[in-house]
2 protein chains.
Amino acid sequence: MSPRTKQQFEKIRKTRKDKILTVALELFAQNGYQGTSIAQIAKKAKISKGLMYNYFKNKEKLLEEIVLEGFNKIMELDYGLSKSDKPTDKLKSLIDETLNNLSNNLHYWQLYTVLLVQPRVQKKFEKKFYQFREFFITTMTEIFKGLGSNNPELHSFLLGTHFDGLALNFIATPDDFPIEEIKQALYEQYCKPKRKKKK
Amino acid sequence: MSPRTKQQFEKIRKTRKDKILTVALELFAQNGYQGTSIAQIAKKAKISKGLMYNYFKNKEKLLEEIVLEGFNKIMELDYGLSKSDKPTDKLKSLIDETLNNLSNNLHYWQLYTVLLVQPRVQKKFEKKFYQFREFFITTMTEIFKGLGSNNPELHSFLLGTHFDGLALNFIATPDDFPIEEIKQALYEQYCKPKRKKKK
DNA sequence: GTCTATACCAAGATAGAC
DNA sequence: GTCTATCTTGGTATAGAC
């Protein structure tokens with residue numbers, strides 16, 4: 001009844017909820033949304049099936065919370081862009097941070113990808129996907145403008161798709177992924193885009 | 001009882017089986033394996049649920065047939081490599097054909113991607129995935145050697161991942177995908193890889 | 001707050017009539 | 001060969017005891 005006890009409960013509740021979110025993210029990422037059962041999640045979180053519904057209204061709301069939390073995390077990053085004003089430095093930071101982020105948040109990217117390729121599921125998070133995409137593409141376009149690119153939108157799009165492909169491969173085979181070599185190669189490949197057509 | 005009738009039956013059977021394979025591919029690609037029910041497939045193929053099991057032992061075998069058929073189709077392509085011996089031409093053909101193939105076999109690539117990102121499902125087709133990957137990477141590596149690349153394996157890997165990323169984006173938003181512009185840009189980007197280090 | 005038991009339903013698969 | 005009816009399982013979600 002005392003306030004202190006109440007706070008204790010709150011803390012336990014929070015911890016347990018986080019636990020559920022963490023294991024659910026992992027399972028959804030690995031087995032897909034439909035491929036994961038509440039029972040599996042409960043087991044891995046070491047609670048009963050029934051208790052799951054004390055923390056989340058249903059399976060769908062659980063997925064929503066996970067996805068939105070992930071989006072927020074990723075949108076908060078500034079990809080080291082504030083470190084310098086030189087476009088070459090910015091590009092280097094962006095590449096570095098994006099690839100670091102990839103290995104730091106593997107499960108989230110895996111889930112993101114699973115959802116992205118399934119139109120029916122994707123619809124639900126469409127807005128968030130576009131929002132993130134817009135933010136990222138715009139940032140890159142500005143950098144390419146700074147580098148004197150003759151088609152910054154296209155180069156930005158291409159670097160974006162390249163990140164996606166790297167993510168896909170990293171997800172499928174996280175070992176056998178020479179991350180530092182890749183950073184270097186990307187930097188070389190994108191740092192010197194074609195200038196205005198030379199005659 | 002006559003042979004002719006028997007042939008007719010065979011033909012009808014074949015046609016119907018193909019119909020099932022086609023609609024199942026589409027549904028699996030769009031909604032995932034677990035996200036697609038036998039009832040949905042049967043409905044779209046305009047047959048009863050029960051009849052499905054006359055054609056396929058079970059849902060899993062159906063998926064297997066679809067995936068293996070798709071792999072075979074894709075492995076048969078030669079990506080226009082025999083047209084010329086010049087590495088620059090070969091690279092151009094490869095880029096062209098890969099992107100054409102992407103839009104011609106959208107559903108298959110979509111399924112391929114869905115399966116690739118889900119480790120549990122992936123295991124089953126692992127060997128086939130690697131087989132295709134090896135073939136593709138080796139082909140590209142040879143081309144980059146011909147172009148005088150200082151690290152043909154890495155450049156080949158990077159072009160491969162870039163294709164994957166483009167596929168992912170094409171799948172997610174097939175409209176708003178400037179395919180010809182991309183072909184051109186890829187060609188420019190990969191055709192002149194760094195030579196041996198200049199001192 | 002947490003668990004067990006259970007209602008309920010959707011989906012895979014089979015049986016049997018035609 | 002094809003369909004309808006049915007069995008069976010496994011999964012979501014709820015009820016109710018502690």
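All values below come from the heavy atoms of this structure, side chains included, with hydrogens, waters and symmetry mates left out. Proteins get letters first, then strands, A, B, ... in listed order; numbering begins at 1 in each.
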Asker: Is B:M75 linked to B:V67 within one hydrophobic cluster, defined over Ile, Leu, Val, Met, Phe, Trp and Tyr using a side-chain heavy-atom separation of less than 4.5 Å?
Answerer: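 Looking at the clustering, B:V67 is in the same group as B:M75.
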
Asker: To the nearest Å, how far apart are B:K49 NZ and C:dA13 C1'?
Answerer: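 It is 8 Å, rounded to the nearest whole Å.
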
Asker: If only side-chain N and O atoms of B:Y53 are considered, is one of them under 4.0 Å from the OP1 or OP2 phosphate oxygen of C:dT14?
Answerer: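 No, B:Y53 has no side-chain N/O under 4.0 Å of OP1/OP2 on C:dT14.
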
Asker: If you check the A:S37 side chain, which of D:dG11, C:dG1, D:dT14 turns out closest?
Answerer: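 So the nucleotide nearest the side chain must be D:dG11.
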
Asker: From C-beta outward on A:I47, which listed nucleotide comes closest to its side chain: C:dC3, C:dG12, D:dA13?
Answerer: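 Among C:dC3, C:dG12, D:dA13, the one nearest the side chain of A:I47 is C:dC3.
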
Asker: Quick one: pull up CG in A:N58 and CG in A:L62 and give me the separation to the nearest 0.5 Å.
Answerer: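 Between atom CG of A:N58 and atom CG of A:L62 there are 9.0 Å.
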
Asker: Which residues in residues 23-32 of chain B have at least one heavy atom lying under 4.0 Å from any atom of DNA chain D?
Answerer: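 None - not one residue of the stretch has a heavy atom sitting under 4.0 Å from the strand.
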
Asker: Return the value, rounded to whole Å, for the distance between atom NZ of A:K59 and atom C1' of C:dA10.
Answerer: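 The distance from NZ of A:K59 to C1' of C:dA10 comes to 13 Å, rounded to the nearest Å.
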
Asker: Would you say A:N72 has more than 12 foreign heavy atoms packed within less than 6.0 Å of its CG?
Answerer: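 For A:N72, atom CG is crowded (more than 12 foreign heavy atoms under 6.0 Å).
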
Asker: Give the angle between the helix axes at the two ends of the helix from C:dG1-D:dC18 to C:dC18-D:dG1, taking five base pairs at each end and rounding to 10°.
Answerer: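 Overall, the helix from C:dG1-D:dC18 to C:dC18-D:dG1 bends by 10° from one end axis to the other.
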
Asker: To the nearest Å, how far apart are A:F56 CZ and C:dT2 C1'?
Answerer: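 Checked: the CZ to C1' distance equals 16 Å.
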
Asker: Tell me the closest heavy-atom pair linking A:K59 and A:T36, and the distance in Å.
Answerer: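 The pair with the smallest heavy-atom distance is NZ-O, 2.6 Å.
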
Asker: At under 4.0 Å between heavy atoms, what does B:S48 touch on the DNA or RNA strands: base, sugar-phosphate, or nothing?
Answerer: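 It contacts base atoms.
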
Asker: Would you find a donor on one side and an acceptor on the other, under 3.5 Å apart, between the side chain of A:T173 and the backbone of A:N169?
Answerer: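 Side chain of A:T173 to backbone of A:N169: a pair is present.
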
Asker: Once you round it to whole Å, what is the distance between P of D:dT9 and CG of B:N58?
Answerer: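 That distance rounds to 16 Å.
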
Asker: Does OP1 or OP2 of C:dT2 have a side-chain N or O of A:R16 closer than 4.0 Å?
Answerer: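 Looking at the OP1 and OP2 atoms of C:dT2, one of them is under 4.0 Å from a side-chain N or O of A:R16.
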
Asker: Partners of A:E97 by salt bridge (charged side-chain N to carboxylate O under 4.0 Å, His left out), sequence neighbours excluded?
Answerer: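 Counting only residues at least two positions away or on another chain, A:E97 forms no salt bridge (charged side-chain N to carboxylate O under 4.0 Å, His left out).
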
Asker: Among D:dC3, C:dT2, C:dC3, which nucleotide sits nearest the side chain of B:L51?
Answerer: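 The answer is D:dC3, which lies nearest to the side chain.
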
Asker: Report the distance from atom CD of B:Q34 to atom C1' of D:dT12, rounded to the nearest whole Å.
Answerer: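 In whole Å, D:dT12 C1' lies 16 Å from B:Q34 CD.
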
Asker: Taking CD1 from B:I12 and C1' from D:dG1, how many angstroms apart are they, rounded to a whole number?
Answerer: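 That distance rounds to 10 Å.
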
Asker: When we call it a touch if two heavy atoms are under 4.0 Å apart, what does A:Y55 touch: a base, just sugar-phosphate, or nothing?
Answerer: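 Sugar-phosphate contact only - A:Y55 comes under 4.0 Å of backbone atoms but never of a base.
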
Asker: Rounded to whole angstrom units, what separation is found between the CG atom of A:N54 and the P atom of C:dT4?
Answerer: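 Rounded to the whole Å, the gap is 15 Å.
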
Asker: Shortest non-hydrogen contact from A:T141 to A:S156?
Answerer: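 Closest heavy-atom pair between A:T141 and A:S156: OG1-OG, 3.2 Å.
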
Asker: Restricting to non-hydrogen atoms, name the atom on B:D89 and the atom on B:S84 that form the minimum distance, rounded to 0.1 Å.
Answerer: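 Taking every non-hydrogen atom into account, OD2-OG, 2.9 Å.
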
Asker: Test side-chain hydrogen bond (donor to acceptor under 3.5 Å, both in side chains) on B:R13 and B:N54 and set out the steps.
Answerer: CA-CA 10 Å; B:R13 199 178 161 77; B:N54 190 313; 3.2 Å; yes

Asker: What is the separation between atom CE on A:M52 and atom P on D:dG11, rounded to the nearest whole Å?
Answerer: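 In whole Å, D:dG11 P and A:M52 CE are 14 Å from each other.
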
Asker: Linking I/L/V/M/F/W/Y whenever any side-chain heavy atoms sit under 4.5 Å apart, do B:Y130 and B:F157 land together?
Answerer: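 No, no single cluster joins them.
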
